[in-house]
Amino acid sequence: MTSLLSSLNEMQKEAVLDFNNPLLVLAGAGSGKTRVITSKIAYAIKEMNYSPYRILAVTFTNKAAKEMRERINSMIPDENIAGLEMRTFHSFGAYVLRRYGSKIGLNDSFTIYDDEDSLNLLCNAFPDEKKGDLREYMKQISKAKDKGYNSSSAELNGLAYHMQGFRTYFAAYENALRKSGCVDFADLIIRTTELLEQNDDVREYFQQRFKLILVDEYQDTNASQFKLLKCLVGKDTQLVVVGDDDQSIYKFRGAEIKNILSFEYYYPNTRIIKLEENYRSTKNILRVASSVIKNNKERHDKTIFTNNESGELPELISSIDADEEALKVRMLISRLPNYKSVAILYRTNAQSREFETVLSCFRIPYEVVGALRFYEREEIKDALALFSIILNPHDRISFLRIINKPARGIGKAALEQILSYSDHLIDSLEFAIKDNKLSGKAKSGATAFLDMYKKGCELLNNNCVLKDFAVFMLDSSGLKKLYEDEKDETIRRGRLENLSSLVNALEKIAPGREGLISFLESITLDRTTLGSDDEENEDSVKLMTMHNTKGLEFDTVFVTGLEDGIMPSVREGSEIDDVEEERRLFYVAVTRAKKKLFLTFASKRMLWGSWNSQKPSRFLKEIPKSFYKGEIETANASYTNHFAFEPRRSNITNTPSWAQNIVKTPTKTKSSEVKVVKNVNYEVGDRVISPNYGRGEIISKEIKNGKTVIRVRFEKGNVALFNTMYANLTKVE
DNA sequence: GGTCGACCTGTTTTT
DNA sequence: CAGGTCGACC
Ligand SMILES: Nc1ncnc2c1ncn2[C@@H]1O[C@H](COP(=O)(O)OP(=O)(O)OP(=O)(O)O)[C@@H](O)[C@H]1O
């Protein structure tokens, strides 16, 4: 009994042992909030005889849910915790809607639209408008939905929804979405709430079922999530929320720090528990974090201390540009004993590029966490659309995506005929054929499609193994052939490889309709499902955005790109609130580090295709100089020098000390687009071979922006420019 | 109906 | 820079 409590401090124990009051655990980074949740669940099951089935734990990401479940499993290995409901809000919503959605007119095989699908739906409703404009509307619609509004909410007036006819767009989108029988991300919360509000039996079932509901990262819940939460709390449900107002970083998604304040208001008996000891970081890291976050005006002041050792001083690393930044980071990484607990953090996904290039060049294993665009690739989206339409014949976006891909003669005219029938697109297709509304070519194409649809349905209904189903669909739709006929070798190979990864991923999934539904759901809700799991390498450097580090910790952390404009990402129209949010993000990033922290900054950076001179982040200036090693090397000094005497970097044979081990031969990398940094001196007249273009000769060489650019005329007749740093060329005699 | 090239437009961040 | 979009042409 004590074993579950023995690794907790007094305040944590209080939180674990109180099974009566609503609890608000409010505490700084690394103070053991998540540990309270796992311990409390384990304790409830083991010592209080709670059935796991009667506990709901809400996490911020699916990954966190998985890890926490594993953690609890290892704490109480003798208990079966399969019934424990451990999910994100979105995943919980999907779970409820699958079971009870019919009560609000939702079929159990609805598909979930991601942001791109949503945008396409809006574009489809307003075919004459530009996609760029509609994207702006879509963003606002999503945000409004996250705040819990619909197109007729009075609140829309008071907000920044000044855009022309915002309500009209909003309403049209809502309407199209309903007709499609699909839901978007926000709907997973909103419509679940709606369902619970309208159906006493379902609501009471859940309220009675859950004796204990816990919410992690509470500071980042939004209004609609709070509303859902309130629906789930019955008179015997204990609600425990855990958060840190300094770590609220999802305002752009409607997160409201206010939720922390209103919690007490809604649940008057709330007991607030504060944890003040940080167990994660060294003193030196913690004081850097504190010195920055204290500049936020809107925050609860809180004490945070650590009994950990002082540790090493954090280091500031200045660089000329992003390439040098990456090279320096790599050099520091290779000094470490292993790559197990190292993270490179950045503000925007695009910043991963330089790091990836350098790491793969030096053969340092790395993994980009999140932002895996696997499911956003064209061929994958096509395949998934094909599967979706079998499950949900109302799914307009999927239908439009693949009805004429590959070409079946169903063009604009034919489509107009088909769509005029009803929202059931397959029925419509059938009617259009029967009524002879289609031209010869369109008719035979439509008939073939219909045939495939029926066979596909049959396979699913007969509980067919999904891999076979997928192979059938890809073959008989002609999608596979379409991609096999792709002319560009690299593109073709990539596409076919991706399609076969998709098919392989299906191997692990339960057969039939049910299996397919859950597969599609899991990939929309958790984009990291595939792509990383196959080759998860423990001993690898982790690359991710600062947002993605929520709840994680690493021995060594690099917080990169600390420049105004990037971090904080201030832009026109940014307000003080936005800077405060960025400051919190910085605080989150820094407090991921357990032992060693590096802060990096570059004087110039390629943005929108041109060089930008960068100023050091204002956050760096908020840290007392004595708190870190290294200087903020002011941009201009190295910047001007750099141009005054010709570039040290153009001529990389003149290797800076930090880059001495640069590889001399091209490295084979797994991805074809990964570039190779080389140290080869090219001269006019040299003959070279390129894997892409064949043999050729260098006809000119010039130095631009500190990079050597060579021009090569190939034997095939074409001329190409290469940056010598990255050129994938081999010199021949 | 499909391909190629000229142009334009845009970046935070994620479930 | 890169990705998407639109018009011209086969
Ligand atoms: N009572 C304790 N004694 C020793 N170590 C602890 C204790 N509580 C938590 N820890 C350790 O401290 C670290 C941070 O804990 P945890 O992740 O629970 O904090 P957190 O408050 O959720 O952090 P954050 O808000 O930054 O995500 C973990 O490595 C955890 O194992």
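Proteins come first, then strands; the chains are lettered A, B, ... in the order of their sequence lines, and each starts at number 1. Please read these numbers as outputs of a predicted model, since none were measured by experiment.
Each of K615(A), R618(A), R605(A) was compared with D564(A) under the salt bridge (Lys or Arg N to Asp or Glu O under 4.0 Å) criterion, and only R618(A) meets it. Evaluated for a side chain to side chain contact (heavy atoms under 4.5 Å, CB included) with L188(A), the options L97(A), L228(A), T524(A) yield exactly one hit, L97(A). The residue from V368(A), L327(A), I344(A) that alone fulfils the side chain to side chain contact (heavy atoms under 4.5 Å, CB included) condition with F355(A) is I344(A).
Here R253(A) does not reach the OP1 or OP2 of dT12(B): none of its side-chain N or O atoms lies under 4.0 Å away. OP1 or OP2 of dT14(B) has at least one side-chain nitrogen or oxygen of N548(A) nearer than 4.0 Å. The side chain of N349(A) contributes an N or O atom lying less than 4.0 Å from OP1 or OP2 of dT14(B). One finds no side-chain N or O of T61(A) lying less than 4.0 angstrom from the OP1 or OP2 phosphate oxygen of dT14(B).
In the model, D184(A) has no side-chain atom that pairs as donor or acceptor with a side-chain atom of S118(A) under 3.5 Å. Side-chain contact annotation: Y169(A) with Q140(A), donor-acceptor N/O pair under 3.5 Å absent. Counted by atom type alone, D220(A) and S248(A) present one or more donor-acceptor pairs between their side chains at under 3.5 Å. Using a 3.5 Å distance cut-off with no hydrogens or angles, the side chains of Y587(A) and Q247(A) do not pair a donor with an acceptor.
The residue F89(A) sits apart from the nucleic acid: no heavy atom pair falls under 4.0 Å. Among the atoms of the strands shown, only primed sugar atoms or phosphate atoms (P, OP1, OP2) are found under 4.0 Å from some heavy atom of K139(A). Looking at heavy-atom distances under 4.0 Å, D146(A) makes no contact with the nucleic acid at all.
Nearest nucleotide to the side chain of R347(A), out of dT14(B), dT12(B), dG1(B): dT12(B). Nearest nucleotide to the side chain of W608(A), out of dT11(B), dT15(B), dT12(B): dT11(B).
In terms of position on DNA chain B, the residue among L585(A) and R408(A) whose nearest nucleotide sits closer to the 5' end is R408(A). The nearest heavy atom of DNA chain B to I410(A) and to E581(A) marks one nucleotide each, and the one closer to the 5' end goes with I410(A).
Both geometric conditions, a ring-centre gap below 5.5 Å and a plane tilt below 30°, are fulfilled for F252(A) over the base of dT13(B).
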Under 3.5 Å, N/O pairs linking protein and nucleotides 4-7 of chain C:
{"unit_1": "dT5(C)", "atom_1": "OP1", "unit_2": "K131(A)", "atom_2": "NZ", "d": "3.4"}

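Straight-line distance between the P atoms of dT13(B) and dG4(C): roughly 16 Å, to the nearest whole Å.
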